[in-house]
Amino acid sequence: MTPTHFSFTSAFILGLMGLAFHRTHLLSPLLWLEGMMLSLYIALSVWVLQAEATELSCAPMLLLAFSACEAGAGLAILVATARTHGTDHLQSLNLLRC
């Protein structure tokens with residue numbers, strides 16, 4: 001395993017562990033998801049460069065565009081939750097009550 005492959009894999013696993021174990025605020029999982037998406041973006045970019053595949057050169061940009069859309073939707077949910085409930089603590093949210 002090369003050092004670059006190890007760093008991308010460890011960054012993704014660290015983001016996955018943070019997503020699984022650190023759930024106090026609604027912003028925390030959004031930041032962990034962004035970290036995971038950025039590690040996937042960098043890994044895909046390096047893979048395309050190493051494989052010298054010109055037909056796959058638009059794949060990292062497509063992943064980055066989907067990541068930006070995901071971040072925008074997550075921040076919209078965060079703002080809506082903060083406005084309706086007054087806080088972003090996940091313990092105070094009751095998903096059964098609208």
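Sequence positions, counted from 1, serve as the residue numbers for this chain.
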Item to check | ring pair (Phe, Tyr, Trp, His ring centres under 6.0 Å) against His5, all qualifying residues, sequence neighbours excluded | outcome: none
Checklist entry - By side-chain hydrogen bond (donor to acceptor under 3.5 Å, both in side chains), which residues pair with Thr4, not counting sequence neighbours? => result Thr2
Checklist entry - Taking a hydrophobic cluster as the set of Ile, Leu, Val, Met, Phe, Trp and Tyr residues connected by side-chain heavy atoms closer than 4.5 Å, whether directly or through intermediates, do Leu14 and Leu16 fall within one such cluster? => result no
What side-chain donor-acceptor pairs closer than 3.5 Å can you find for residues 26-46, not counting sequence neighbours?
| residue | atom | partner | partner atom | Å |
| --- | --- | --- | --- | --- |
| Glu34 | OE1 | Ser67 | OG | 3.4 |
| Ser39 | OG | Met36 | O | 2.8 |
| Ser45 | OG | Tyr41 | O | 2.9 |

Item to check | Listed partners of Thr87 passing side chain to side chain contact (heavy atoms under 4.5 Å, CB included), at least two apart | outcome: His89, Ser92
Item to check | With sequence neighbours excluded, residues passing side chain to side chain contact (heavy atoms under 4.5 Å, CB included) with Leu56 | outcome: Trp47, Val48, Ala53
Checklist entry - In the hydrophobic cluster built from side-chain contacts under 4.5 Å, what are the other members alongside Leu62? => result Phe66
Checklist entry - How does the hydrophobic cluster around Met17 look, that is, which other residues are in it when side-chain heavy atoms under 4.5 Å mark a link? => result Ile13, Phe21
Checklist entry - Any donor and acceptor pair, going by atom type alone, linking the side chain of Thr9 with main-chain N or O of Phe6 inside 3.5 Å? => result no
Item to check | Whether over 12 other heavy atoms sit under 6.0 Å from Glu55 CD | outcome: yes
